[in-house]
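The sequence lines fix the lettering, A, B, ..., with proteins before strands; numbering per chain opens at 1. Basis for what follows: all heavy atoms, side chains included, without hydrogens, waters or symmetry-related copies.
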2 protein chains.
Amino acid sequence: MNNQNLGKPYIIRLSEYKNALVRFKTLGFVKVFSDNLADSVGVTSVQVRKDFSLFGISGNRRGGYLVEELIEKLNDILGKNETQKVILVGAGHLGTALMKYKGLEKEGIKIVACFDIDPSKINKKADPPILPFEELIEFIRKNGIKIGIISVPENAAQEVAEKMMSAGVKGILNFAPIKLRGIEDCIISYVNIELELENLVYFVNAMQKSKKNKGGSK
Amino acid sequence: MNNQNLGKPYIIRLSEYKNALVRFKTLGFVKVFSDNLADSVGVTSVQVRKDFSLFGISGNRRGGYLVEELIEKLNDILGKNETQKVILVGAGHLGTALMKYKGLEKEGIKIVACFDIDPSKINKKADPPILPFEELIEFIRKNGIKIGIISVPENAAQEVAEKMMSAGVKGILNFAPIKLRGIEDCIISYVNIELELENLVYFVNAMQKSKKNKGGSK
DNA sequence: TAGATTGTTAATCGATTAACAATC
DNA sequence: TAGATTGTTAATCGATTAACAATC
């Protein structure tokens with residue numbers, strides 16, 4: 001995804017290192033080398049050490065890093081000490097998939113409520129509850145929500161974003177395939193599945209062509 | 001999604017320009033300026049012209065670009081002249097959302113079949129049909145499929161990828177939150193929702209902190 | 001001690017932006 | 001012609017990589 005999103009690629013990598021470390025820990029590892037992390041995340045070991053040095057994380061020369069300690073430090077940097085409460089707008093197919101997805105909770109991210117304009121989708125007893133769109137602003141204010149996910153159709157996304165921002169949301173993850181106009185102090189991030197596929201199509205085609213032109217040599 | 005994906009960020013942008021142009025066209029535009037495209041995609045107009053020049057696309061000095069013609073050229077570059085047939089493995093919540101999603105067809109991308117190991121999910125009459133996982137390799141070979149989407153749990157993703165590649169798939173879009181070991185002539189792309197959210201959490205936290213430290217000034 | 005690994009400084013690479021020339 | 005816009009060359013910026021010093 002490349003992509004089109006927030007700068008600072010090393011933050012994404014820190015999350016990836018952290019996830020790899022958690023897997024290493026379940027395997028019983030006590031220490032790791034930058035090489036292990038590099039392999040697991042698909043970067044070079046220099047990259048790993050460089051990223052760590054950016055945040056003052058140091059290991060033991062010759063002895064690698066202590067898994068437990070490193071996870072702790074990374075969680076601290078990434079702000080993962082407390083569960084992040086996020087809201088979701090749009091209870092369509094994708095929204096439902098996100099609500100049902102267990103992977104988020106594992107990362108300390110909890111969808112605390114979903115909102116939709118379709119009255120037939122409202123279900124206040126569900127977990128997370130699906131509430132009427134009109135209650136969005138009040139809910140955000142009351143619960144101090146800082147992060148929202150948008151999974152509504154393209155033509156509704158901008159309005160949803162504006163309501164979120166007006167109520168105090170500071171970070172939006174937008175699945176609608178459209179650029180949102182934001183305000184200065186809100187960070188907007190995108191996941192655009194069409195775009196990812198189109199990109200893949202282009203590179204697959206390009207590869208096939210270049211192979212043909214080279215007359216079948218690799 | 002920043003990020004973690006294929007290089008060449010301008011290809012993603014070309015898709016974005018193309019999408020914007022399609023919208024302009026429905027609004028009745030006959031020509032556009034690089035400034036219009038820049039605004040709509042969220043880049044500068046120099047970026048737009050630079051990207052075009054990379055592919056030998058030129059407009060009319062003083063007169064902008066003809067919408068129709070530009071769409072044509074971009075579609076040509078992006079390989080969008082014929083419908084792209086892709087397959088999907090994993091008919092869980094996310095997989096189902098992808099099958100139901102109309103946005104792909106609009107972009108000339110068609111999920112022609114889905115595969116799952118759970119017998120209760122098989123439905124050969126559905127559109128797209130949901131077939132047994134054992135039929136994956138044969139289907140790919142018979143239909144010359146080049147692109148596959150993986151939406152299975154983390155621990156199954158590598159096996160699925162290997163089966164796909166062995167049958168001739170050259171591009172994979174992976175939704176499982178794990179790095180896949182690939183082969184030389186297959187391009188692997190990632191969409192990782194947890195990672196996007198964790199990234200957002202970090203930057204929202206960072207912003208809040210920096211605001212506090214500056215004593216409330218913007 | 002020698003070897004393996006970390007951590008940092010400098011070089012390289014690629015992408016974006018600035019400056020400006022071309023021209024309708 | 002003057003003004004607006006395109007298109008290109010050069011400068012800048014940031015991220016990655018190479019080289020190497022430090023040290024357990």
Side-chain angles (χ1 to χ4, degrees), chain A residues 1-17 20-21 24 29-67 69-70 73-74 77 179 195 199 202-203 206, chain B residues 1-17 20-21 24 29-67 69-70 73-74 77 179 195 199 202-203 206:
Chain A
M1 14 216 154
N2 253 241
N3 7 279
Q4 51 189 307
N5 272 348
L6 295 167
K8 313 299 172 188
Y10 43 80
I11 297 298
I12 292 266
R13 286 199 301 267
L14 290 190
S15 286
E16 294 184 285
Y17 301 145
L21 284 161
F24 283 137
F29 281 48
V30 173
K31 62 179 191 179
V32 288
F33 300 120
S34 56
D35 240 347
N36 304 136
L37 284 168
D39 284 348
S40 158
V41 167
V43 297
T44 65
S45 63
V46 191
Q47 182 77 274
V48 174
R49 295 194 299 276
K50 180 87 194 202
D51 287 341
F52 286 174
S53 85
L54 249 39
F55 291 89
I57 293 176
S58 58
N60 311 301
R61 292 192 196 246
R62 184 73 228 279
Y65 306 80
L66 293 173
V67 172
E69 202 182 300
L70 196 46
K73 281 179 187 167
L74 291 173
I77 292 166
K179 192 91 193 170
L195 232 44
N199 196 43
Y202 173 82
F203 283 104
Chain B
M1 42 207 117
N2 217 53
N3 21 228
Q4 52 192 308
N5 273 352
L6 296 169
K8 315 298 173 189
Y10 44 79
I11 298 297
I12 293 266
R13 286 199 301 268
L14 290 191
S15 286
E16 295 185 285
Y17 301 146
L21 283 161
F24 283 137
F29 282 48
V30 172
K31 61 179 192 179
V32 287
F33 301 119
S34 54
D35 239 350
N36 303 136
L37 284 168
D39 283 349
S40 158
V41 168
V43 297
T44 65
S45 64
V46 191
Q47 183 76 272
V48 174
R49 296 196 299 274
K50 180 87 196 203
D51 287 340
F52 286 174
S53 85
L54 248 37
F55 292 88
I57 294 175
S58 60
N60 311 301
R61 293 194 195 244
R62 183 72 227 278
Y65 305 80
L66 292 173
V67 173
E69 202 182 299
L70 196 46
K73 283 181 185 165
L74 290 173
I77 293 167
K179 191 93 194 169
L195 232 44
N199 196 41
Y202 173 82
F203 284 105

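The side-chain heavy atoms of B:Asp51 and B:Val43, taken from C-beta on, include no pair separated by under 4.5 Å. Looking only at side-chain heavy atoms (C-beta outward), A:Lys8 and B:Tyr202 stay at 4.5 Å or farther from each other. Proximity of A:Leu70 to A:Phe52: side-chain heavy atoms (C-beta onward) are separated by under 4.5 Å at one or more points.
The two atoms that bring A:Val41 and A:Ala20 nearest to each other are CG2-CB, 4.3 Å, heavy atoms only. The shortest heavy-atom contact between B:Phe24 and B:Leu37 is CE1-CD2, 4.0 Å.
Put simply, CG on B:Leu54 is 12 Å from C1' on C:dT16, counting in whole angstrom units. Taking atom CG on B:Asp51 and atom P on C:dA15, their separation rounds to 10 Å, with Å as the unit. One atom, OH of B:Tyr10, and another, P of C:dT17, lie 16 Å apart when rounded to the nearest Å.
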(request) Mind running side chain to side chain contact (heavy atoms under 4.5 Å, CB included) on A:Arg49 and A:Ser53 for me, showing each step along the way? (result) CA-CA 6 Å; A:Arg49 295 194 299 276; A:Ser53 85; over 6 Å; no
(message) For nucleotides 4-11 of chain C, give me one character per nucleotide, 5' to 3': B if any protein heavy atom sits under 4.0 Å from the base, S if the only such contacts are to the sugar-phosphate, - if neither.
(response) BBBBBBB-
Please tabulate, for the side chains in residues 54-63 of chain B, all donor-acceptor contacts under 3.5 angstrom to protein atoms that are two or more places apart in sequence or on a different chain.
{"unit_1": "B:Asn60", "atom_1": "ND2", "unit_2": "B:Gly64", "atom_2": "O", "d": "3.4"}

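Base pairing in DNA chain C yields stems of at least 3 consecutive Watson-Crick or G-U pairs, both distances under 3.5 Å, namely C:3-24 with D:3-24.
Atom CG in B:Asp39 sits 11.5 Å away from atom NZ in A:Lys179 (nearest 0.5 Å).
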